[in-house]
Amino acid sequence: MTASNPASIGPSIHDRFAAVRGRIAQACIKAGRDPVSVILTAVSKTQPPDSLEAALATGQRVFGENRVQEAQGHWAERRAALPDLELRLIGPLQTNKTVEAVELFDVIETLDREKLAVALSAAMKKTGRRPRVLVQVNTGAEPQKAGVLPAEADALIAAARDIHGLSVEGLMCIPPADEAPEPHFDLLAEIAARNGLSVLSMGMSGDYETAIRCGATHVRVGSALFGERNTPLKPS
């Protein structure tokens, strides 16, 4: 008898992507929405090269990364062969990494303070690239979590757009893990609506169907696509 290959046990990445895309489509239909109105962002942080290639083979082209340096290792050499690739920074950004982030990412989802808006504006002028920007809102006011407080979101959005010239197109949030996500998704949608923003990045592996019902335009899915998170890659 031939020994089974441990890597073949369980659903493949291809199967996982198909399943998640199917669930997104069903959630959209239940919510009375067109399935093409929701974009799947595959969270590729900590993933090895074979997992990235498997995801690309499914046709996936929108990826979310948490760290600038790791994202450079994942995508810097692949970009030339993937003209339709879209990279989204979904982790906190330090001001001293803004030039590298602006050079690599197409969307930065984690603007959460005016100091960062200033640094991003300067980095865009220096590099000539203008990634779109989302403002991250700390809807649960959790002290350990990044994001502008809801009461301060309007002011940050206005400053980023009107003073610093950033292309703010929407909002992002990560609800508290121990609370129902719906109120947080609804709050994000309310802030977006009053500021004329159309993009809502909300919902992860455990709650993306709820997020779709609440109006998400982008869902950030990692473990449901790739399995349990791998050990982070060491910098080269």
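- The closest side-chain donor-acceptor pair between T46 and E70, if any, does not fall under 3.5 angstrom.
- Within the 4.5 Å cutoff, side-chain heavy atoms of D207 are placed close to those of F185.
- A distance of 12.0 Å separates CD1 of I29 from CD1 of I24, quoted to the nearest 0.5 Å.
- The two residues M202 and C173 make their nearest non-hydrogen contact at CB-SG, 4.1 Å.
- Using a 4.0 Å cut-off between charged side-chain N and carboxylate O, R213 and E182 make a salt bridge.
- Closest of all the heavy-atom pairs between L111 and A117 is CD1-N, 3.5 Å.
- Looking at heavy atoms from C-beta onward, L171 lies out of side-chain contact with S201 at the 4.5 angstrom threshold.
- By the 4.5 Å heavy-atom criterion applied to side chains, L40 and L225 are counted as neighbours.
- The line from CZ of F226 to NZ of K45 is 12.0 Å long, rounded to the nearest 0.5 Å.
- No side-chain heavy atom of P143 sits less than 4.5 Å from a side-chain heavy atom of K145.
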| field | Test salt bridge (charged side-chain N to carboxylate O under 4.0 Å, His left out) applied to E100 and R67, step by step | value | CA-CA 11 Å; E100 293 94 330; R67 296 179 177 86; over 6 Å; no

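- What you find for E169 and L134 is that their closest heavy atoms are CG-CD2, 3.5 Å.
- With sequence neighbours excluded, no residue forms a ring pair (Phe, Tyr, Trp, His ring centres under 6.0 Å) with Y208.
- Of all non-hydrogen atoms in A153 and V137, the two that sit nearest each other are CB-CG2, 4.3 Å.
- The distance from the CD atom of E103 to the NZ atom of K97 is 12.0 Å, given to the nearest 0.5 Å.
- Side-chain contact, H74 with Q47: no donor N or O sits under 3.5 Å from an acceptor N or O.
- Between the side chains of R113 and Q136, not a single donor N or O lies within less than 3.5 Å of an accepting N or O.
- We find the CD-CG distance between E77 and L82 to be 12.0 Å, quoted to the nearest 0.5 Å.
- Nearest heavy-atom pair, I212 versus V219, reported as atom, atom and distance to 0.1 Å: CG1-CG1, 4.1 Å.
- Taking the side chain to side chain donor-acceptor pair (under 3.5 Å) definition, one finds that E114 meets it with H164, sequence neighbours left out.
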| request: Check the pair D154, R194 against side chain to side chain contact (heavy atoms under 4.5 Å, CB included), reporting the backbone distance first and the verdict last. | output: CA-CA 9 Å; D154 292 357; R194 70 173 178 251; 2.8 Å; yes

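- Note on V148 and V168: same hydrophobic cluster, where clusters join Ile, Leu, Val, Met, Phe, Trp and Tyr whose side-chain heavy atoms are under 4.5 Å apart, directly or indirectly.
- A distance-only check finds a donor-acceptor pair linking the side chain of D34 to the backbone of V36 [under 3.5 Å].
- With S121 as reference, L166 is the one residue of V133, L166, L116, V102 to meet the side chain to side chain contact (heavy atoms under 4.5 Å, CB included) rule.
- Side chain to side chain, D15 and S12 meet the donor-acceptor criterion of an N or O pair below 3.5 Å.
- In this structure, V107 and L89 have side chains that are not in contact, with every pair of non-hydrogen atoms separated by 4.5 Å or more.
- Looking at heavy atoms from C-beta onward, R33 lies in side-chain contact with V38 at the 4.5 angstrom threshold.
- Here the side chain of T110 pairs a donor or acceptor atom with the backbone of G91 at under 3.5 angstrom.
- Counting only distance, with no hydrogens or angles, the side chain of S205 and the backbone of A224 share a donor-acceptor pair below 3.5 Å.
- Cluster membership for L188 and I108, using ILVMFWY side-chain heavy atoms within less than 4.5 angstrom, is shared.
- Scanning all heavy atoms of the two residues, the minimum distance from T41 to G64 falls at CG2-N, 3.4 Å.
- The salt bridge (charged side-chain N to carboxylate O under 4.0 Å, His left out) test with D106 singles out one residue from R88, R79, R130, R132, and that residue is R79.
- At a threshold of 4.5 Å between non-hydrogen side-chain atoms, the residues L52 and R78 count as touching.
- Distance check, rounded to the nearest 0.5 Å: OG1 of T139 to CD of E179 gives 8.0 Å.
- Of the charged side-chain nitrogens involved, at least one lies within less than 4.0 Å of a carboxylate oxygen, so that E209 and R23 count as a salt-bridged pair.
- To the nearest 0.5 Å, atoms CD (Q72) and CH2 (W75) are separated by 14.0 Å.
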| task | Apply the test side chain to side chain contact (heavy atoms under 4.5 Å, CB included) to residues V135 and I191: give CA-CA distance (whole Å), side-chain angles for both, the deciding distance (0.1 Å), then the verdict. | result | CA-CA 11 Å; V135 169; I191 297 171; over 6 Å; no

| message | Working note: I157 + R161, criterion side chain to side chain contact (heavy atoms under 4.5 Å, CB included); need CA distance, chi angles, decisive distance, verdict. | response | CA-CA 6 Å; I157 293 166; R161 288 194 298 203; 3.7 Å; yes

